[in-house]
Amino acid sequence: MGGLQRQYGLGVNIHRGAYCGRAFEYYSEDGFLTGMAAGNEAAGSHKLGMFVLMKHAILNDQETHRAGVNTWANEQSIREIYGRAIEVAVEVDRELTPNSVLGVMTGMNRMGAKWAGAQGFCNKVLRAEYGMRGYVVSDYNSGRLYCSPIQGVLNGNDLPDGQPAGNDPYKTDKDGNYLNFQNYKTGYGELAWAMRDAAHKILYTVVNSNTMNGFTGESSIIVVTPAWEIAVPVVTRVAMTLFIWSAAAFCIVWIINFVKERGRRSL
């Protein structure tokens, strides 16, 4: 089952400006050339059983202060330049890969005033028009409240990367929704179906990669914890306990000796 299963790439943004910090990841200032290069590279990866997550969709043209940046463009320029790169890459990959597992990563940017992952782009354009069949993952999100995972799932951004809620079960996004979906346990069928659909896309992508090499219908997974992994925390706790007791004993002995010495001097 060896081998790399996933790549956070390819870079399908455009060389829009000289100060774009990820220019080294991108192919060209031309949408068609970018799409051709990315599509063929994705197909080569897929033949080896690895699935790719092209990034960052879409209009993620700034690296410095990229979290929350508002990107403005009209529909014609998006379709002819920026979206064209993704569209061509998907077309090339689907032509060369029988079971395409090409996926996409959205950016931290806003398209206009709304986060890219919560736009209609993922479902209405990326899937419905371009024919992308993999899953969509967000860019790494830890505490960026405008990147709501709930809005992402509802709009086709299937998987939030990172831990938006951290360890706080009551952390909310800008709309007051709990980031860990707490207030959607019951009574929200739309989100439940969206989560079901997202899980389907994720599983489809993974199953069609080399992640599943060697697995059959009769396979079972047995988790084996090596002895050293069990021993490390035990030894660490014992050593820490001995250190604390030794330090405490040293302090007590030092205090007793100090008091005795002061007593001798007073005599």
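Throughout, residue positions are numbered sequentially from 1 according to the sequence presented.
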Task: Aromatic plane relationship, Tyr130 with Phe121 - under 30° parallel, 30 to 60° tilted, over 60° perpendicular - done: perpendicular
Task: Atom CD of Glu95: over 12 foreign heavy atoms under 6.0 Å - done: no
Open item on the list: Could you walk me through whether Tyr135 and Leu53 satisfy the side chain to side chain contact (heavy atoms under 4.5 Å, CB included) test, starting with their C-alpha distance in whole Å, then the side-chain angles of each, then the deciding distance to 0.1 Å, before giving a yes or no?
Closed with: CA-CA 8 Å; Tyr135 72 88; Leu53 294 160; 3.8 Å; yes
Task: Heavy-atom pair with the smallest gap, counting every atom of Trp115 and Gly152 - done: CZ3-CA, 3.9 Å
Open item on the list: Regarding Arg127 and Asp197, does a basic nitrogen lie under 4.0 Å from an acidic carboxylate oxygen?
Closed with: no
Task: Interatomic spacing from CZ in Phe32 to CD in Glu87 - rounded to 0.5 Å - done: 11.0 Å
Task: Arg237 vs Met240 side-chain heavy atoms within contact, under 4.5 Å - done: no
Open item on the list: Quick check: do Asn70 and Asn109 have side-chain heavy atoms less than 4.5 Å from each other?
Closed with: no
Open item on the list: So which atom in Lys47 and which in Leu96 form the shortest heavy-atom distance, rounded to 0.1 Å?
Closed with: CE-O, 4.3 Å
TODO: Please assess Asp158 against Val137 for the test side chain to side chain contact (heavy atoms under 4.5 Å, CB included), listing each intermediate value before the final yes or no.
DONE: CA-CA 6 Å; Asp158 305 300; Val137 64; over 6 Å; no
Open item on the list: Treating Asn60 as the side-chain partner and Lys55 as the backbone partner, does any N or O pair qualify as donor plus acceptor under 3.5 Å?
Closed with: no
Open item on the list: A side-chain contact here means heavy atoms from C-beta on lying under 4.5 Å apart; do Met36 and Leu33 qualify?
Closed with: no
- [ ] Using modelled atom types only, decide if a donor and an acceptor are shared between the side chain of His56 and the backbone of Met105 within a distance under 3.5 Å.
- [x] no
TODO: Please round to the nearest 0.5 Å and tell me the distance separating atom CZ of Arg79 and atom CZ of Arg84.
DONE: 11.0 Å
- [ ] With the side chain counted from C-beta on, respond yes when Leu102 and Thr97 share a heavy-atom pair under 4.5 Å apart, and no when they do not.
- [x] no
TODO: Please report the shortest heavy-atom distance between Thr34 and Gly11, naming the atom on each side.
DONE: CG2-O, 4.5 Å
Task: Contact check, side chains of Ser77 and Tyr82, non-hydrogen atoms, under 4.5 Å - done: yes
Task: More than 12 heavy atoms from other groups under 6.0 Å of OH on Tyr204 - done: yes
TODO: Is it possible for you to say whether Ile78 and Val90 belong to one hydrophobic cluster, with membership spreading through side-chain heavy-atom contacts below 4.5 Å?
DONE: yes
Open item on the list: I'd like to know if Val104 and Ile81 are part of one continuous hydrophobic network [Ile/Leu/Val/Met/Phe/Trp/Tyr, side-chain heavy atoms within less than 4.5 Å].
Closed with: yes
Open item on the list: Test of understanding: clusters of I, L, V, M, F, W, Y form through side-chain heavy atoms closer than 4.5 Å, transitively. Do Val153 and Leu126 belong to the same one?
Closed with: no
TODO: Mark yes when over 12 heavy atoms from residues, nucleotides or ligands other than Glu229 sit less than 6.0 Å from its CD; otherwise mark no.
DONE: yes
TODO: For Ile14 and Glu29, work out which heavy atoms get closest and say how close.
DONE: CG2-O, 3.4 Å
Task: Main-chain N/O of Val206 paired to Ser209 side chain as donor or acceptor, under 3.5 Å - done: yes
Task: Between Asp161 and Tyr140, a side-chain donor and acceptor under 3.5 Å - done: no
Task: Co-membership, hydrophobic cluster, residues Val125 and Val136, 4.5 Å side-chain - done: yes
Open item on the list: Do Leu159 and Lys201 have side chains that approach each other closer than 4.5 Å (heavy atoms only, starting at C-beta)?
Closed with: no
TODO: Apply ring-ring contact (aromatic ring centres under 6.0 Å, His included) to Phe250 and Trp254, showing your working.
DONE: CA-CA 6 Å; Phe250 174 82; Trp254 184 87; 7.8 Å; no
TODO: Would you check if His15 and Asp30 make a side-chain contact, meaning some heavy-atom pair closer than 4.5 Å?
DONE: no
- [ ] Give, for atom CH2 of Trp245 and atom CD1 of Ile252, the distance between the pair rounded to the nearest 0.5 Å.
- [x] 8.0 Å
Task: Same apolar cluster: Leu59 and Val69, side chain cutoff 4.5 Å - done: no
TODO: Check the side chains of Tyr27 and Glu41 for a donor-acceptor pair under 3.5 angstrom, ignoring hydrogens and angles.
DONE: yes
Task: Separation between CE of Met195 and CG of Leu154, rounded to the nearest 0.5 Å - done: 10.0 Å
Task: Spacing of Asn210 atom CG and Met50 atom CE [to the nearest 0.5 Å] - done: 8.5 Å
Task: Minimum heavy-atom distance between Ala85 and Val12, given as atom pair plus value - done: CB-O, 3.7 Å
TODO: Would you check if the side chain of Arg110 reaches a backbone N or O of Ala116 as a donor-acceptor pair within less than 3.5 Å?
DONE: no
Task: side chain to side chain contact (heavy atoms under 4.5 Å, CB included) between His46 and Val52, intermediate numbers included - done: CA-CA 8 Å; His46 294 158; Val52 302; 3.8 Å; yes
TODO: Quick one: closest heavy-atom pair of Gln119 and Asn155, and the distance?
DONE: O-CB, 3.5 Å
Task: Asp139/Arg66 ion pair, N-O < 4.0 Å - done: yes
Open item on the list: Under 3.5 Å, is there a donor on one side chain and an acceptor on the other for Thr106 and Asn157?
Closed with: yes
Open item on the list: What verdict does the side chain to side chain contact (heavy atoms under 4.5 Å, CB included) test give for Gln7 and Leu10, after you've listed the backbone C-alpha separation in whole Å, the side-chain angles of each residue and the deciding distance to 0.1 Å?
Closed with: CA-CA 8 Å; Gln7 177 186 353; Leu10 313 155; 3.5 Å; yes
